[in-house]
Amino acid sequence: MYSIFIIDDHVAVRQGYTLLIQREADMQVCGETATADEALRLVADCKPDIVVLDISLQGSVDGVDLLRRLHAELPDLAVLVVSGHDEMVYAKRVLQLGARGYVMKGDALAFLQALRQVAEGHTYISAHAGGDETHA
């Protein structure tokens with residue numbers, strides 16, 4: 001069973017991800033938050049297999065900065081970045097910072113496929129993120 005922690009500043013998005021994940025027999029949501037500061041504390045407590053991280057968080061710490069901090073504190077943590085930004089630049093940047101995947105928001109099929117690929121130790125970049133689907 002893969003445990004997943006969701007970080008997104010929109011409650012409706014967090015609820016949507018939770019609904020998608022709950023339908024999967026081998027996945028569960030262990031926690032969620034809207035803020036980077038709370039995320040650092042809760043992720044350390046929850047010890048998830050995967051963190052789903054929105055790249056555009058509100059507040060003084062955005063998703064890219066939070067990814068840096070998470071990777072520094074928990075280098076083995078699998079992070080799947082989700083974004084509404086349809087730019088390959090972001091995907092390459094977050095992968096260089098330690099994320100294991102990048103998927104566009106709103107693509108439920110790609111989201112679940114990305115979670116599975118990342119959980120299995122692969123890298124995932126959806127075709128909608130500006131390139132071909134990648135599974136390394």
Side-chain angles (χ1 to χ4, degrees):
M1 178 75 69
Y2 298 116
S3 66
I4 300 165
F5 192 92
I6 302 166
I7 307 167
D8 194 293
D9 55 347
H10 296 96
V11 68
V13 173
R14 292 194 312 271
Q15 289 174 348
Y17 291 149
T18 298
L19 288 172
L20 286 171
I21 291 165
Q22 286 176 338
R23 295 188 328 202
E24 303 300 307
D26 60 343
M27 297 181 189
Q28 67 180 8
V29 174
C30 67
E32 65 176 62
T33 187
T35 67
D37 289 333
E38 193 172 55
L40 291 169
R41 179 178 52 81
L42 294 175
V43 167
D45 291 343
C46 178
K47 297 179 178 49
D49 297 306
I50 306 166
V51 166
V52 173
L53 174 60
D54 181 9
I55 201 170
S56 298
L57 296 175
Q58 293 181 11
S60 60
V61 178
D62 68 8
V64 173
D65 290 333
L66 179 55
L67 174 60
R68 277 192 193 100
R69 290 165 122 181
L70 285 170
H71 190 65
E73 292 180 25
L74 304 162
D76 295 327
L77 180 63
V79 177
L80 173 63
V81 173
V82 293
S83 177
H85 299 287
D86 189 15
E87 296 183 35
M88 195 61 185
V89 172
Y90 281 105
K92 288 180 182 178
R93 183 174 177 200
V94 298
L95 291 174
Q96 289 171 344
L97 293 173
R100 291 202 194 147
Y102 185 97
V103 67
M104 296 297 299
K105 280 186 175 182
D107 189 345
L109 294 176
F111 175 73
L112 290 172
Q113 185 177 15
L115 278 176
R116 290 197 189 292
Q117 291 292 318
V118 167
E120 294 170 6
H122 303 289
T123 300
Y124 185 94
I125 302 172
S126 73
H128 298 289
D132 295 329
E133 287 185 3
T134 304
H135 315 285

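If you read the sequence from its start, that first residue is 1, and numbering goes on from there. Bear in mind that the values here come from a model prediction, so they are computed numbers and not experimental data.
Counting heavy atoms from C-beta on, the side chains of L109 and Q113 never come closer than 4.5 Å. In this structure the side chain of I4 never reaches within 4.5 angstrom of the side chain of P48, judged on heavy atoms. V51 is not listed as a side-chain neighbour of L80, based on a closest heavy-atom distance of 4.5 Å or more. H71 places none of its side-chain heavy atoms less than 4.5 Å from the side chain of L77. Counting heavy atoms from C-beta outward, I7 and V52 have side chains that stay 4.5 Å or more apart. Residues Y102 and S83 meet the side-chain proximity criterion, which asks for heavy atoms closer than 4.5 Å. Side-chain contact between V82 and I55: absent, with no pair of heavy atoms (C-beta onward) separated by less than 4.5 Å. Residues M1 and D49 form no side-chain contact, since every pair of their non-hydrogen atoms from C-beta on lies 4.5 Å or further apart.
Sorted by first and then second residue, the ring-ring contact (aromatic ring centres under 6.0 Å, His included) pairs with a member in residues 43-63 form an empty list; sequence neighbours excluded. The salt bridge (Lys or Arg N to Asp or Glu O under 4.0 Å) analysis of residues 2-11, with sequence neighbours excluded, yields the pairs D8-K105. Each salt bridge (Lys or Arg N to Asp or Glu O under 4.0 Å) pair with one or both residues in residues 72-84, not counting sequence neighbours, would appear here, but there are none. Sorted by first then second residue, the ring-ring contact (aromatic ring centres under 6.0 Å, His included) pairs that include residues 25-66, not counting sequence neighbours, number zero. Sorted by first and then second residue, the disulfide bond (SG atoms under 2.5 Å apart) pairs involving residues 46-79 (not counting sequence neighbours) are C30-C46. Applying the side-chain hydrogen bond (donor to acceptor under 3.5 Å, both in side chains) test to every pair with at least one member in residues 22-31, sequence neighbours left out, gives these pairs: E24-R116, D26-R116.
Residues A72 and P75 come closest through the heavy atom pair O-CD, 4.1 Å. When all heavy atoms are compared, the tightest approach of A78 to R100 is CB-NH1, 3.3 Å. Heavy atoms only, all atoms of each residue included: A114 and Y124 are closest at CB-CD2, 3.4 Å. When every heavy atom of A99 is checked against every heavy atom of V81, the shortest pair comes out as CB-CG2, 3.8 Å. Of all heavy-atom pairs between I50 and A119, the closest is CD1-CB, 3.5 Å. Minimum heavy-atom separation, L20 to L112: O-CD2, 4.1 Å.
Between the CD atom of Q117 and the CD1 atom of I125 there is a distance of 12.0 Å, given to the nearest 0.5 Å. Distance CG/L57 to NE2/H10: 10.0 Å, rounded to 0.5 Å.
Every residue meeting the side-chain hydrogen bond (donor to acceptor under 3.5 Å, both in side chains) condition with S56, not counting sequence neighbours, appears here in chain and number order: H85. Residues passing the salt bridge (charged side-chain N to carboxylate O under 4.0 Å, His left out) test with D65, sequence neighbours excluded: R68. Annotation: side-chain hydrogen bond (donor to acceptor under 3.5 Å, both in side chains) contacts of R93 (sequence neighbours excluded): none. Residues passing the ring-ring contact (aromatic ring centres under 6.0 Å, His included) test with F111 are Y17, sequence neighbours excluded.
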Donor-acceptor pairs under 3.5 angstrom involving side-chain atoms of residues 33-44: please list them, not counting sequence neighbours.
unit_1, atom_1, unit_2, atom_2, d
T33, OG1, T35, N, 3.4
T33, OG1, E38, OE1, 2.4
T35, OG1, E38, N, 3.3

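With hydrogens and angles disregarded, no donor-acceptor distance shorter than 3.5 Å links the side chain of T123 to the backbone of G101.
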